Amino acid sequence: MKSFMEFAKRQGIEPSPRLYFIGTTSTMTLGFFSSLVIGLILTEIGNGLNVSFLVEIGGVAMSLTGAAVGAAVAYALKAPPLVLFATVIVGFMGNVSGGIVGAWLAALLACEIGKLVSKTTKIDIIITPVVVLLVGYALASAVGPPMDWFMTSVGEFLLWATELQPLLMGVIIAAAMGMILTSPISSAAIAIMINLSGLAAGAAAAGTAAQMIGFAVASYRENKVSGLISQGLGTAMIQFPNVLKNPRIWIPATLASAIAGGLSTMVFRMENIPTGAGMGTSGLVGQFGALNAMGYTPNVFLRIGLLHFVLPAIMALVFAEFMRKKGWIKPGDMKIGDSPTTTK
């Protein structure tokens, strides 16, 4: 066993729950954004403006989501070229048979096994891709469908529970997804994996939007306009190092998320789609998702503006100022450094 572990390490394999469950899913979000999310946005714009080539490009991008996931997973695992290229195909196969979860799981395991055999034979150019594709196909076929069913069932349960107890579930979903967005875990990946939709997705979108806008406004005195934009339209994850230093700074944005979730389900009756539920205001993807789910009407635009931007900004600012006066948040506690390259 020791010799095998040493061999695996030489091949670039160092098993780590953080890498497998946080690293790959965070990078996978970039795969979503480059294919499924951008494809959806282009399709919506194309349909709205009656521009057929945008609809065509968007459709192709969305159809290749699995391949983008495979590439993202292999990139996160630092796969050598032949393994990476074959894993792209595995991701596509996994998405066909088992949805996004199938693509992620098949790509992850096939990539690691491919790294084991990479450059160990004189015909590496044949052996390595064959091993990756065979392992990926077997995993996608055997494990993908039940995993996809389980994750989809979780999403359906959340939607059912939200319809049954809209206030309670709205608060819980919004607060939880908001906090996940600020943490290193990908809220977007979770929402897409469980196929979150309807009122539950609306609450998640409200909660993640409130988290981003909340941090952006609450930390304005430290970070000014650049921080307002980077957090309000980028990601609140850049505040996570500060959260670890003083967890109290998380309270204003999280309270705003929880309240926004309750308002979303009880007052505004907001809905969303899986690609928008976990994105907050990042690139305005969550807002495009709401428009896709509810229609491009003046009333929907108004509800989005109030619930995703205006109310969270006011609530978070009030909570933060109260905590500053109490001395629970001190000057500089929310000062951010360089923005990360990843998106939620």
Side-chain angles (χ1 to χ4, degrees), residues 5 8-37 65-92 94-95 98-116 118 132 135-136 139-140 143-144 147-148 151 176-194 208 211 234-244 274-275 278-280 282-283 285 336-344:
M5 293 304 295
K9 187 174 182 179
R10 289 197 301 271
Q11 294 294 99
I13 300 173
E14 297 186 61
S16 163
R18 180 178 178 83
L19 173 62
Y20 291 160
F21 295 105
I22 296 179
T24 60
T25 56
S26 294
T27 308
M28 188 169 67
T29 304
L30 298 177
F32 291 148
F33 204 92
S34 302
S35 54
L36 185 62
V37 174
T65 299
V69 168
V73 169
Y75 177 82
L77 297 175
K78 297 181 173 60
L82 284 175
V83 177
L84 188 153
F85 303 144
T87 304
V88 171
I89 302 171
V90 170
F92 182 85
N95 190 42
I100 295 298
V101 180
W104 167 72
L105 186 60
L108 193 158
L109 296 176
C111 182
E112 291 292 72
I113 292 175
K115 285 162 65 177
L116 276 177
S118 177
V132 173
V135 171
L139 290 167
V143 183
M147 283 295 296
D148 183 55
M151 297 299 285
M177 289 294 282
M179 294 181 75
I180 289 171
L181 178 140
T182 299
S183 76
I185 304 170
S186 174
S187 54
I190 291 174
I192 294 172
M193 282 181 168
I194 64 177
T208 51
Q211 188 87 184
T235 175
M237 188 171 62
I238 55 180
Q239 281 288 353
F240 193 67
N242 292 331
V243 170
L244 295 178
T275 51
M279 290 295 293
S282 180
V285 175
I336 59 175
D338 296 329
S339 301
T341 56
T342 57
T343 179
K344 298 305 284 189

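Keep in mind it's a predicted model, so treat the numbers as computed, not measured.
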Problem - Side-chain touch Thr27/Val73, heavy atoms, less than 4.5 angstrom - result: no
Looking at every non-hydrogen atom in both residues, tell me the closest pair between [X] and [Y] and how far apart they are.
X	Y	answer
Thr25	Ser186	O-CB, 3.7 Å
Ala71	Val88	CB-CG2, 3.7 Å
Thr65	Phe32	CG2-CD2, 4.2 Å
Thr87	Cys111	OG1-CB, 3.8 Å
Met237	Ser183	SD-O, 3.6 Å
Ser35	Ala68	OG-CB, 3.5 Å

Evaluate Ile113 against Val132 for side chain to side chain contact (heavy atoms under 4.5 Å, CB included), listing each step before the verdict. CA-CA 7 Å; Ile113 292 175; Val132 173; over 6 Å; no
Query - side chain to side chain contact (heavy atoms under 4.5 Å, CB included) assessment of Val285 paired with Phe33 - result: CA-CA 9 Å; Val285 175; Phe33 204 92; 3.6 Å; yes
First locate atom [atom1] of [X], then atom [atom2] of [Y], and finally report the distance between them rounded to the nearest 0.5 Å.
X	Y	atom1	atom2	value
Gln211	Leu181	CD	CG	6.5 Å
Leu139	Leu108	CG	CG	10.0 Å
Met147	Ile100	CE	CD1	13.0 Å
Thr29	Leu36	OG1	CG	11.5 Å

Compile the donor-acceptor pairs under 3.5 Å between side chains in residues 11-23 and protein atoms, sequence neighbours left out, one pair per line.
{"from": "Gln11", "atom 1": "NE2", "to": "Lys115", "atom 2": "O", "distance (Å)": "2.8"}
{"from": "Gln11", "atom 1": "NE2", "to": "Leu116", "atom 2": "O", "distance (Å)": "3.2"}
{"from": "Gln11", "atom 1": "NE2", "to": "Ser118", "atom 2": "O", "distance (Å)": "2.9"}
{"from": "Ser16", "atom 1": "OG", "to": "Arg18", "atom 2": "N", "distance (Å)": "3.3"}
{"from": "Ser16", "atom 1": "OG", "to": "Leu19", "atom 2": "N", "distance (Å)": "3.2"}
{"from": "Tyr20", "atom 1": "OH", "to": "Glu112", "atom 2": "OE2", "distance (Å)": "2.5"}

### Query
Between the main-chain N or O of Gly234 and the side-chain N or O of Ser282, is there a donor-acceptor pair closer than 3.5 Å?
yes
Apply side chain to side chain contact (heavy atoms under 4.5 Å, CB included) to the pair Val69 and Asn95, showing each step before the final yes or no. CA-CA 9 Å; Val69 168; Asn95 190 42; over 6 Å; no
- Phe240 atom CZ, over 12 foreign heavy atoms within 6.0 Å: yes
